[in-house]
Each structure stands twice: as C-alpha cells, then as structure tokens.
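All of these numbers come straight from a predicted model, not from anything done at the bench. Naming convention: chains lettered A, B, ... in sequence-line order (proteins, then strands); numbering from 1 in each chain. Any value given below was found using the heavy atoms of this structure, including those in side chains, with hydrogens, waters and symmetry copies removed.
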Amino acid sequence: MPELPEVETVVRSVEPRVRGKLIRSVVTSASRVFGGQQTEIEREAPGQRIHAVTRIGKNILFQLDRQQLRVHLGMTGRLLFSEAVMTHPRARLLLEGDTGEGADGDGALQMIYDDARQFGRFQLVTGEVESLGLGPDALSITAQAFQAIVQRHRGSIKNLLMNQKLLSGMGNIYTDEALYQAKIHPLTPGVLVPTQKLQALHAAMIALLREAIQQGGSSISDYMDACGNKGSYQEQHQAYGRTGLPCPGCGTLITRIVVAQRGTHFCPQCQRLPRGLGKSPLAKSL
DNA sequence: ATTACTACCTGACAGC
DNA sequence: TGCTGTCAGGTAGTAA
C-alpha cells in the first residue's frame, strides 16, 4: 500500500499526538507481523516513553527509552486512533492521556495497528537503524549518490528503484511515475541510462515525492493517515493505473507490462528502450 | 554478487 | 448467488 509519501504522511499525523507519551500497555493478536516477538513486545514496550517518531524509507520508527519500535505498513498496514475504520487490528497500544494543563488523567489514547494482509512488520529493534540494511532515503539522496547507485547495476531501472537495499522509499506507483516523467523505459538496465536522463530522473523523483507528500499521498483503495484522511495525489498520476488511456504528453495509449512481478505502466512512445535492446531477452515481455 | 521467482495473506472486482 | 480467476501500494527467502 504505502510508499514514502504515504508513510511520511502517517508519521506527520501520528507524531504530534504520541510524542512524549508513555506506553501503558500493548495488546496484540497472533499475527506474522510480529515475527515471533509478540510476547516480547507486550512485555518490553509498556513503561517506555515515545521520544520521537521518525521515518527511513517506508519504515516508521518510534524512538523509545531503550529500543525502537519499527512499523512497516506492508501493503495494507495502518496506524489508527479510532476503532471506527479498523478492520483487522493486530496491536493496540494504550498511551497515557494528555498531561497538559487541565488534563484529568482520564484521556488515555489508543493507537491501533491494523493490517488486513499481514505483510507489515511491527517489531522492537535494538541497536542502530543501519541494522535494517536500507539504502539512502529517496527524498534526500544527492544526485551524485543516486547516479553512482544506478550506474553500478545491470538490472532494470525499475527493479533497481524499488530495491530498498539500494534506495529506500520508492514503490510501484512512484517508480512508474518517476520513469514516465524522465522518459525512461522501465526495462532499461541501470547502467545504460544516459547521465542526462539520470539527472532528470533524480529531479523528477524528488519533486514528485514532495508534491505527493503535500497532497497527503495517493489513496488507491484503503490508504489513509492516522486521522482517517485520504490523500489526493492519485489524481495526478500520469502513467500508474492508466492502462489504455492516452499519454498526457503524446496521446499514445499507456501500456501495461509486468516487470519484477509488478504491474508496470508506461508510454511506449515517450519511454523507449535504448537502441539494440529491442531483441534482448530483457525485452521479451514486450 | 546479482537477478528472478515464489510464497506469504486478505479483499475487491469481473465474468460466468 | 456463488464460484473462479485476477489484481493489489511489499518484502523475505531461495534458487539459478
């Protein structure tokens, strides 16, 4: 479900409500999202205070006294403060209520981790963030670092952009959109993307991630932030999900192929494979 | 050391 | 109303 802009939106909606608060209790229901840590989380998290909520790539990190609580939303994970919209609650955190002036101590806050497909992760992490093995965050990577990563790899540019170990935060939607804007065919090997187009891709990627954050992310089906707000960036998509519709640039119909087992949307006119690759095995799925 | 493919889950939707 | 097949924003693990 959520890629960098959606995760950032969630962080921004969650952070002000939980920062500084003490975790009173955690109740979980059996699920693969805990990776076998179910009882450990219920035992360790209560009594710890949430000092900050940060993000790296698609990971949300709650900075606690002794550990970090890592939340990865997978495809359908959500952090919610209301039971009204939840469908598959996996964990409930009871936080202390408002401690400000006038608080009566009875305003406990409940934060729910809800995840239908259980592709997410809800885990306690001890030690440094580096242990997650994530590449640099897509929103802040420099053009130089980006170029170095892409030019070192022979795999398809689409695969590469979505590989969280190389670059963290990009998912299927924003990868298709960034490649569309930079006019790069998704099957182009990274090493064959011209330097000039790489700069365009880097600029397009960051610009569209920023714009999507401004608009609260893309809500394709059930994505929402912790307050139940949906994003609106899906209205700006030019390639993703537009199979059979005209390319906004040239009018050619947007084509859907499968790359890395993911539906991939692009304009066959604007996004051409480099010469000589037309008959390569890489392009056989065309 | 890459790269490619499957498996993991549930739900929505289209077509019969 | 089912039933079946396809698709879905993600990643871990395994096999070439």
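- Every stem involving DNA chain B, taken as at least 3 paired positions in a row under the Watson-Crick or G-U wobble test at 3.5 Å, is listed here: B:2-8 with C:10-16, B:10-16 with C:2-8.
- A:E83 meets the side chain to side chain donor-acceptor pair (under 3.5 Å) test with A:R92, A:Q110; sequence neighbours excluded.
- Using a 4.0 Å heavy-atom criterion, one finds that A:N159 contacts the sugar-phosphate atoms exclusively.
- Atom CG of A:L160 and atom P of B:dA1 are 17 Å apart (whole Å).
- The distance from atom CG of A:N172 to atom P of C:dA8 is 8 Å, rounded to the nearest whole Å.
- Here B:dT3 presents its P atom at 9 Å from CG of A:N163, a figure rounded to the nearest Å.
- Here side chain to side chain donor-acceptor pair (under 3.5 Å) pairs that include residues 234-247 of chain A, with residues two or more places apart or in two chains, are A:S218-A:H237.
- The interatomic distance linking A:K158 (NZ) with B:dA4 (C1') rounds to 15 Å, in whole Å.
- Among pairs with a residue in residues 124-151 of chain A, those fulfilling ring-ring contact (aromatic ring centres under 6.0 Å, His included) read A:F146-A:H202, at least two apart in sequence or across chains.
- One finds no salt bridge joining A:D176 and A:R262 here, because no Lys/Arg side-chain nitrogen approaches an Asp/Glu carboxylate oxygen to under 4.0 Å.
- Between A:L166 atom CG and B:dA1 atom P there is a gap of 13 Å when expressed in whole angstrom units.
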Could you go through nucleotides 11-13 of chain C and list every protein N or O atom that sits under 3.5 Å from one of its N or O atoms, giving the distance for each pair?
from   : atom 1 : to    : atom 2 : distance (Å)
C:dT11 : OP1    : A:H72 : NE2    : 2.8
C:dT11 : OP2    : A:K58 : NZ     : 3.0

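- Here, C:dT14 and B:dC9 have their P atoms 15 Å apart, quoted to the whole Å.
- The gap from the C1' atom of B:dT3 to that of C:dG9 amounts to 23 Å, rounded to the nearest Å.
- A:R43 meets the side chain to side chain contact (heavy atoms under 4.5 Å, CB included) test with A:E40; sequence neighbours excluded.
- Atom pair A:R117:CZ and B:dA7:P shows a separation of 15 Å (rounding to whole Å applied).
- Atom NE2 in A:H265 sits roughly 11 Å away from atom P in C:dC7 (whole-Å rounding).
- At least one side-chain nitrogen or oxygen of A:R256 sits closer than 4.0 Å to the OP1 or OP2 atom of C:dA8.
- Every pair passing ring-ring contact (aromatic ring centres under 6.0 Å, His included) that includes a residue from residues 119-139 of chain A is listed here, sequence neighbours excluded: A:F34-A:F122, A:Y113-A:F122.
- Checking A:E3 against A:Y223 by side-chain atom types alone, no donor-acceptor pair falls below 3.5 Å.
- Along DNA chain B, the nucleotide nearest A:Q261 and the nucleotide nearest A:R90 are compared for position; the residue whose nucleotide lies closer to the 5' end is A:Q261.
- If you check every strand for non-hydrogen atoms under 4.0 Å, A:Y174 touches nothing.
- Rounded to an integer number of Å, the gap from A:R78 CZ to B:dT10 C1' is 13 Å.
- Residue pairs meeting the side chain to side chain donor-acceptor pair (under 3.5 Å) criterion with at least one member in residues 66-75 of chain A, sequence neighbours excluded: A:Q48-A:Q67, A:N59-A:R70, A:Q63-A:Q68, A:R70-A:Q123.
- Between A:D65 and A:R49, none of the side-chain N atoms (NZ, or NE/NH1/NH2) sits under 4.0 Å from a carboxylate O, so this pair counts as no salt bridge.
- The salt bridge (charged side-chain N to carboxylate O under 4.0 Å, His left out) search around A:R210 returns none, not counting sequence neighbours.
- Residue A:H88 places no side-chain N or O under 4.0 Å from the OP1 or OP2 atom of B:dC9.
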